[in-house]
Amino acid sequence: MQLYTKILIGMLVGVVLGFLVGPNSDLLPQHGVILGPKAQVVSQRGGGQPVPQAAGIERARLEREEDGWLYVRWTLRSRDVVRLEAQGLQASRGATHRGWVQRSPVQARTYSPLGQTLVDWTEWLGRLFLAMIKMVVVPLVFFSLILGIASLGDFRKLGRMGGMTIGFFTATTTLALTIGLCLTNLVAPGALMGETDRAMLLGSFDASGVTSAAARAPSLVDQIVGIVPANPFAALANAEMLQVIFFATMIGIAFTLMDKKKAALAVDMCDAMNDAMVLLVHIAMKLAPVGVAALLFKVVGTTGLSVLIALAAYGGVVLLGLLCHISFVYLPVVQFGARVGFFQFLRAIRAALVLAFSTSSSSATLPVTMRAVEDNLAVSNEVASFVLPIGATVNMDGTALYQGVAALFIAQIYGIDLTLVDQATIVVSATMASIGAAGVPGAGMLTLAMVLAAVGVPVQGIALVIGVDRVLDMFRTATNVIGDATATVLVARMQGEPLRVVSPAQDAADPEHGVEGVLTHPDPHPVHAEDDEENDRDARNAQ
Ligand code: ASP
């Protein structure tokens, strides 16, 4: 069975199990209660005295439910005792308390402890898989970019490639925002939301972390200067992608300028390291079916259905916008600009898409995107190693579109009328915010605060959309990755590269290339540094 098929099965299993046996599943007994930060636990149903020992308690057991009130029980642990005593309350470890709390997303909602246990048990598989892929990202980008730049040899080519890449990214991000804003103005999802849903969403999430992150956002000038790493080893260690890209590009340029013989040695080394990293990607991908299942099980299992329903109109607009962007922007560029059939193109990068969807991280997907465009579309390493890492860091059309929709949606709910000038401000600030967002889960939501602040919409409003963020993140990350791959094939075509789609049958038939069969090497062998000398001696003797 092909790897893609196994990964797809993994996705399906994760999603289905998430619905069936996740913490929010209605099929499992919902004996657990999650208490919101503002939950009020009282001594009698419908009122009574507040129970002070409930302060700060997050999870409790459900004893019974009457008229929308939950009778809950919880046992104090050491850290609860410390917290309560700090507030001057009497508390002892192991003591059990009981009280009533109203069932509502703000106050208390039930969950299945069994489903939660299943998530806790399987979650590490997803994290392990992600860590295996992430382990490769920095060294892969570093070595393959040095290799790519060194083999370009011509700075004018580099300048042209850089110009095209940045031009494409800016143009498509602006288009994505225009599509998102037009659709949100047309559908007005904010106006469709009822008062109860609004109160429920505003109260059920804590947006304070997001708000403070926005306050720390650096200015544009700082961001540009920050691309040059004062300490390149720190940049590598901290996976500061733009800094790594800059450093690798400069080393590649230096190799083309220095003594040829010495440079060839170093470039050969980078080539070998690059090949080794590629193999590590393949090894990590062996874990993908299980990893993807575990990641999706957690996301689907813990996303509440009530939140999904309340935000259906907003989520629908984001998804429709992403679909429009893919159909009206990427499709013509791939079909007519790069002259590759669009569906063949999507098929060629499908491993990357599946991964983007399940990890919600374009950075973690980067190694697989690089493999997909090089092996399945015959894009050269020079182009792929330059365009894709920049794309994974700065090009986020899906994120920009989502930020545009979210900003307008939140403004609609607060009844704030945004003028055309305000909406133009959203385009500019969301372009910056999407560039500034890292390719990791939820990054777009953090930088959304910058967009809201730019047009004077309360940043607290992010609480309204946090509930579906993880689910929408899957779709916008997949869009971001399609955008990166689109730019890559376009730049490759404009550089005069002959693109060619490798079919799954060709891939399966050639173990040296593509995704299939690379690891079934007939002859894993120990490597000795002297091998080369021996070969040289053999060659001399033969002469
Ligand atoms: N998760 C997205 C990405 O990695 C960024 C975001 O929109 O949050 O591309």
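Whatever order the structure lists ligands and atoms in, that order sets their numbers, starting from 1. From a predicted model like this one, the values you see are computed outputs, not experimental measurements.
Near Ser360, meaning under 4.0 Å from one of its heavy atoms, ligand 1 places the atoms 1 (N), 4 (O). Listed by number with element, the atoms of ligand 1 under 4.0 Å from a non-hydrogen atom of Thr399 are 5 (C), 6 (C), 7 (O). Each of the atoms 8 (O) of ligand 1 lies under 4.0 Å from some heavy atom of Gly442. Proximity to Arg476 (heavy-atom distance under 4.0 Å) selects the following atoms of ligand 1: 6 (C), 7 (O), 8 (O). Atoms of ligand 1 found under 4.0 Å from any heavy atom of Ser361, numbered from 1 in the order shown, are 4 (O).
Scanning for ring pair (Phe, Tyr, Trp, His ring centres under 6.0 Å) contacts around Phe246 gives an empty result, with sequence neighbours left out. Take Phe409 and apply the ring pair (Phe, Tyr, Trp, His ring centres under 6.0 Å) test, not counting sequence neighbours, and it matches Tyr314.
Salt bridge annotation for Asp120-Lys298: absent, with no cationic side-chain nitrogen under 4.0 angstrom from a carboxylate oxygen. For Glu497 and Arg493, the salt-bridge test fails: no basic side-chain N is under 4.0 Å from an acidic carboxylate O.
Taking distance alone, with nitrogen or oxygen atoms compared against 3.5 Å, Gly444 approaches ligand 1 more closely than that limit. Considering backbone and side-chain N/O atoms, Thr477 comes within less than 3.5 Å of an N/O atom of ligand 1. For a threshold of 3.5 Å applied to N or O pairs, the pair formed by Ala438 and ligand 1 contains no separation below that value. Taking any N or O of Val440, backbone or side chain, at least one lies under 3.5 Å from an N or O belonging to ligand 1.
Residue, atom and distance of the protein heavy atom nearest to atom 4 (O) of ligand 1 are Ser362 N, 2.8 Å.
Across every non-hydrogen atom of Pro229 and Phe247, the tightest pair is CG-CB, 4.2 Å. Scanning both residues, Phe169 and Ala487, for their nearest heavy atoms gives CE2-CB, 3.4 Å. Taking each heavy atom of Thr431 and Val427 in turn, the nearest pair found is OG1-O, 2.6 Å.
Ligand 1 lies nowhere less than 4.0 angstrom from a heavy atom belonging to Ala437.
When each of Asp473, Asp469, Val317, Leu322 is tested with Tyr402 by the rule side-chain contact (heavy atoms from CB on, under 4.5 Å), just one qualifies, namely Asp469.
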